[in-house]
Each structure stands twice: as structure tokens, then as C-alpha cells.
Amino acid sequence: MKMSKLFVQTLREFPNDAEAISHKLLVRAGYIKKLTSGIYSYLPLMQRVLTKINKIVREEMNAAGAQELLMPFVQPAELWLKSGRWEVYGKELARLNDRHGNQMCLAPTHEEVVTSVASGILSSYKQLPVNLYHIQTKFRDEIRPRFGLLRGREFIMKDAYSFHSSQESLEEEYENMARAYTRIFKRCGLETKMVQSDSGAIGGNVSHEFMVLTSTQSGEDDVFYCENCDYAANSNHAVSKLQKEFTNGAEFGYSEEKILDTPNVKTIDELAKFLKIEPYCILKAVLYIADSKPVLVMIRGDKEVEETKLLNTVNALEIRSATNEEALEYLGCEVGYLSYLNVDRNKVKVIFDNSAKGMKNFVLGANEPHKHIVGYNYKEENDFCDVSLVKEGEHCPCCGSPLKITRGIEVGNIFQLGTKYSKPMGATYTDEKGEDKPFIMGCYGIGITRTAAAAIEKYHDDFGIVWPKEIAPYHVDIVPVNADDNEQMDVALKLYDTLNSLGIETVLDDRADRAGVKFKDSELIGFPYRITVGKTIKEGLVEFKHRKTGEVEKLTPDEAVERCKQLLLN
RNA sequence: CGGGAUGUAGCGCAGCUUGGUAGCGCACCUCGCUUGGGACGAGGGGGUCGCAGGUUCAAAUCCUGUCAUCCCGACCA
């Protein structure tokens, strides 16, 4: 491709509305163009990157035994009503009516359709297992799209669905997909970590996410991992051994139950300071509203509530913390002095976090303004469950080593769905005994557009993108320093033809601009290798520059071709 | 959905307080000059100032409404 013809416009400045570095660079280097919030055109450079990622995905999925098909983007409500997700999915599901008034939706995912497709064709256990996938545009009407391709509303996803007659077979395929995913991301130049996760709206029992770990701000998820063993989990799913497993207020001299005046002492910090006690001896009460019903969470003072865990525990669709007015309404007390004591559990659901287990002589609100109780001990049996956020420094649940935290970008995930969709949708096969059984299913997603963005988050420098060569839009950028110099242009053109004929994807920057402009663009766009044809051509030499390392080699044109072959063909 | 901000040329912005010819830089077009790190000179094209009302002789500017976008919190590939 000649640069003068390439459909691209690089910008001198970063766009104002971009936050994430991948977003900034994709816009500035001319890869994407925003149409509206969270919706982008993929310009020719971007399309080449996506095509390359897709190719890797297809090769590995096919090698893993999956079959590609293509399912519809617009789907009837009927299917979603059957699976029960029409109500559950919420506003993220974009709904519309066709001209007859039938309700439709734009596909955010394809469990419903694939289940209906499969059940029509798979009728015997002999046909199982089967794994079907496609690569397709999805639409999720995100509350707040941001970070460009990292969280668009419209995005490209590879989604695969497997059908089995036994849990063992599902688990086998799950492992198979995990291996395929690791290979896919590796071939895209990305190291990923497989972490345990919450299964969210997709549902199911076991699930893992593939995370690209990013040391900086750009990741959207917190990942806890153990350096000693291979435990790793998304913060919405992570569990830990507490630093202080059992706490006793007697340690701070509170061994007798009494009510104390604590005027205007509202927060845990204030209370700890006021009583000269550590937060871990306080039983904190936090009121939530889950689907408009009150839920009171009792949790140790040094811990925070993990809202996704709470959401799952109370089996709600939506959750938010309650206002002070709601606290007054449901508990008759303002926030800051709440407790579970004297609460009518028929009206307010009370949940105890595991961290509150085994506390002795602790402090808690008196459910009366400006009063707390000290030296309290449980007087009843309570059920405890896990609704708290892990903190860095807490210990690995498997081996007890301290847990580390890092940011991560989720580029893929795998779920064991079981019969979550097949059962309600009546998708069954006939087993050996002639009985009808619902399919046991798995599903496996890769965010194609997000993978591209993640690669940029991971690989960039002050000059621009540094693509891994496997997914770069082109491999080599040939820059004749002076387009008016016939000698330079001749050599550049010859190199261009030679490399292209070898199947090496090459750009020739034939523009009349000065060298600086071409160098800047080359680095911004992120071509892995650049061949500069300049003054040194008088000595028969060109420059071969490695984008990643900045290393420059002086080579003859023939040697430069050899270097390209060696680096890019094998 | 709550909190904050912004809408003026493809991009980045000024002008608005105090109403009176719509401006600057980049990009684009023409000519000249230049060619190893985003040159320079001269000339040129492009904007119903988000939209709709209102006030006024006169609105980018003041008022009202509305829409959109972006940033901070809860969802997800």
C-alpha cells in the first residue's frame, strides 16, 4: 500500500474526549472514527488488525475442534422470554419493534439463538459433544461507554457454545477452550492470566476470565493473585484468609457489654479513634436496596462490601446503597449508628459477612442516634456468607501466601453453563436409555475489538503504538526520505515490490512530506519495522529500524530483505 | 440513574462577562521554496456558533426549554 493512497488521517494532537491511551492512540493514528457514543467505524488500518486477530482466533478454534457458523444479530423477543432473560437483562439489551409491532432485540450475546439452533439439529447423544462459534458484532447498551474500544456499546466478539451429554465432557471441553484461549492470546502477543470470576448475567456455575494484566490505570478490573500458587481471581469473586481471623474487643479493654454515648461519631474511622480501638473489632452495618427491598449487611469494620457478591447472594437484579432517609424508614435510625439488633427480619433481610464470624466483645451501632454498644457478643446463631471485598495483603485461600493486586483487562471468558439455557428453553437430546435430557452447555467469549485495544494498552510508548508483529496492520514501512530523489525512490520501490511479492505486508511512504512527518506517522501508527532509504543510499545502505527496541541496523537493500524474511516469515 | 463539565470548520481551541462584520493553530487546495525527526512564504476554500423557542432594531453572546457528548460512581467481552 502506498501511503499517499492509504485511507488514513493522523492527527497532530490527541483527541480531547479520550481517556485511555488505547483510545487516544487509535483515534490519533487514524484507526477508528467515532460515530456516536460507544460506536466506532473501524478504518482500514483497524480492519486489518481485526482481520488478523480473527484469523488467529479461527485457526485456533478450528484446531480445537470447534465449527464456525454465523447467527443473526437481530433476534425475536420470544426466544429471550423463553430463557427468562427478556426481563432479567435490563436496559443493556437494546429492544425495538418491527413494522408489525413484534418485539425484537439487538444481540448482546447468543445463548438463546445457539440453543434454539442446536436443539433443532442435535437430537442424539451420539452427536455430542459439539462446539459452535461465530465472530460477530454485538450490541450492549452500556450505561457508560468509555475508553474507546475497551468498552464500546457496539463491539466485535467471538462467541462459542458447546453442547454435551455429561458434566465430564463439558469439563473436558472447558479445559480444551482454556488451552486454546491461552494460545490465541499468546499468538496475538499478549500474556494472559486465567482468573476465577463472577459469572454475571450470562450465568452458570464455574467461570474464568482471561485477563491482560496492566500495571497502570487502564485496566477496568482488579485482579487478586497469589505469587506462590496459581490462585487468581477477579475482585468480584476473590476470597481470602483475613489478616486477623478472629478478633476480640477485650484486646482494647472492652470485655463488658455497655451502651456508650458516641455523639456525632459516624464513620468507622471516627468511631475507632473515639473508642481507641481497631476497626476490625467493630461490626459495621451497611444498608442496601436490592430491587427496592432493604438488605442490611453486617461486616467487620476493616472490610468493604463487594456489591457483585451481594447481588448474587440476595439474587437481585439491581443493587445500590441506601440513603439516609431509607435508613430512617426501614431501621428507624440514621446512618452511622445502625445495627441488626431489634430489626424485624421479615421486613429487612440481614446478611452477615464471613468476616464477622468469630468476633468477640465487639463494637456495633445501637440503632439509636449517637450511641454504640461495646463488648457485644452474638446472642443468636447467624448464617455467614461471603459478600466482602478482598484487600491486598490478605492471604491466599489455597496456600496462605499474601495476595497481590493488579489491574486487568478482560479479553476473554469461559463459562460452564450447565443447563441454565437448555432447561427453560426445552432444548434436549435423547440419551442411551432413550430418555430426553437437557443439553449441558458451555460458552466461551473473546472480545476481538477489546483484544486489539488491550494490545495497545500493553504495547505503546511516547511515540505511539508498538504493535506485536502478529497483529500489526502492516509489517514494514518503507520511507524514502526525499520523494523527489530518484535514486532513493527507485530503491524504495524495488524494496516495496520485493517485500510484497514475498507476502510481507508493506507500506511505501511515497508522500512529498519531509522526513520528520513520515517518521512521526510511522511510529504513531506502529509499524513493527521501518526501512529508511536516505542519504546513505550513496554508499549502498539503508536503515532498518525496529519499532519496539529502537535498534537501527545499516544494511544493503538485499540484506534488509533478508532481515524481513528472517523476522517475518517462518 | 445520581454528581460535575462541555457543545463554535475534519481536529484542538478563543470569542460569551459588557449583544453590533465569526476568529486562531493544525489539517485541506494552489504557487514558490525546502527535504534525516511534525519547515517556511504568499494566496485560497470550508462554519444555519448542538437544536427549538423567547427578549431585542440587532443574539455565538442574555433568558427558557431540549438534545447530545465527555468526566467521577454501580454493569460487562
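Chain A is the first sequence line, chain B the second, and so forth, proteins listed ahead of strands; every chain is numbered from 1.
Rounded to a whole angstrom, the distance from the C1' atom of B:A42 to that of B:U34 is 15 Å. A distance of about 13 Å separates the P atoms of B:G50 and B:G10, rounded to the whole Å. Taking atom C1' in both B:U61 and B:G25, the straight-line distance is 23 Å, to the nearest Å. Nucleotides B:A9 and B:G46 place their C1' atoms 6 Å apart, quoted to the nearest Å. Taking atom C1' on both nucleotides, B:G12 is separated from B:G7 by 14 Å, rounded to a whole Å. The gap from the C1' atom of B:C62 to that of B:C16 amounts to 10 Å, rounded to the nearest Å.
We find that A:K554 and A:E543 are joined by a salt bridge, their nearest charged nitrogen and carboxylate oxygen being less than 4.0 Å apart. Electrostatic pairing of A:E326 and A:R320 counts as a salt bridge here, judged by a charged N lying under 4.0 Å from a carboxylate O. By the 4.0 Å N-to-carboxylate-O rule, A:E470 lies too far from A:K52 to be salt-bridged with it. Between A:K548 and A:D461 there is no salt bridge, since no side-chain N of the basic residue sits under 4.0 Å from a carboxylate O of the acidic one. No salt bridge links A:R153 with A:E142; every basic N to acidic carboxylate O contact stays at or beyond 4.0 Å. Look at A:E112 and A:R85 and you find a salt bridge, because one of the NZ, NE, NH1 or NH2 atoms lies within 4.0 Å of a carboxylate O, short of that distance. Under a 4.0 Å N-O distance rule, the pair A:R511/A:D509 qualifies as a salt bridge.
One side chain, A:D353 or A:S355, offers a donor N or O that lies under 3.5 Å from an acceptor on the other. There is a side-chain donor-acceptor pair under 3.5 Å between A:E410 and A:N413. In this structure, a donor-acceptor pair under 3.5 Å is absent between the side chains of A:S207 and A:E209.
Formation of a donor-acceptor pair under 3.5 Å by the A:E92 side chain with backbone atoms of A:Y89 is not found in this model.
In this structure, of B:G10, B:U35, B:G38, it is B:U35 that holds the atom nearest to the side chain of A:D484. Minimum atom distance to the side chain of A:R450 is reached by B:A77, of the listed B:A77, B:G36, B:A74. Side-chain proximity of A:L524 to the nucleotides B:G38, B:C1, B:G36 is greatest for B:G38. Listed nucleotides: B:G10, B:C70, B:U35. Nearest to the side chain of A:K33: B:G10. Taking every side-chain heavy atom of A:R514 into account, B:A39 is the closest of B:A39, B:A77, B:G38. When each of B:C75, B:G38, B:A74 is scored by its nearest atom to the side-chain atoms of A:R151, the top-ranked nucleotide is B:C75.
The separation between A:R320 atom CZ and B:C1 atom C1' is 10 Å, rounded to whole Å. At whole-Å resolution of the value, CG in A:D221 and P in B:A77 are 10 Å apart. In this entry the distance linking CD of A:E111 with P of B:C76 reads 12 Å, nearest Å. The NE2-P distance, from A:H23 to B:C70, rounds to 8 Å in whole Å.
Looking at heavy-atom distances under 4.0 Å, A:G534 makes contact with a base. Using a 4.0 Å heavy-atom cutoff across all strands shown, A:S321 reaches no nucleic acid atom at all. Across all strands, A:R146 comes closer than 4.0 Å only to sugar-phosphate atoms, never to a base (heavy-atom distances). Note on A:G152: a base of the nucleic acid sits closer than 4.0 angstrom, heavy atoms only.
Under the Watson-Crick or G-U wobble criterion, with both distances below 3.5 Å, B:U56 is left unpaired in every strand shown.
Looking at residues 538-552 of chain A, you'll see A:E543, A:K545 sit with a heavy atom under 4.0 Å from some atom of RNA chain B.
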Show the distances under 3.5 angstrom between N or O atoms of the protein and N or O atoms of nucleotides 46-50 of chain B.
none

Tabulate atom names and distances for all N/O pairs under 3.5 angstrom spanning the protein and nucleotides 25-29 of chain B.
{"unit_1": "B:C26", "atom_1": "O3'", "unit_2": "A:R12", "atom_2": "NH2", "d": "3.2"}
{"unit_1": "B:A27", "atom_1": "OP1", "unit_2": "A:R12", "atom_2": "NH2", "d": "3.2"}
{"unit_1": "B:A27", "atom_1": "O2'", "unit_2": "A:Q9", "atom_2": "NE2", "d": "3.1"}

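Once the 5.5 Å centre distance and the 30° plane angle are applied, the aromatic ring of A:F155 is found stacked with the base of B:A77.
OP1 or OP2 of B:C70 has at least one side-chain nitrogen or oxygen of A:K34 nearer than 4.0 Å.
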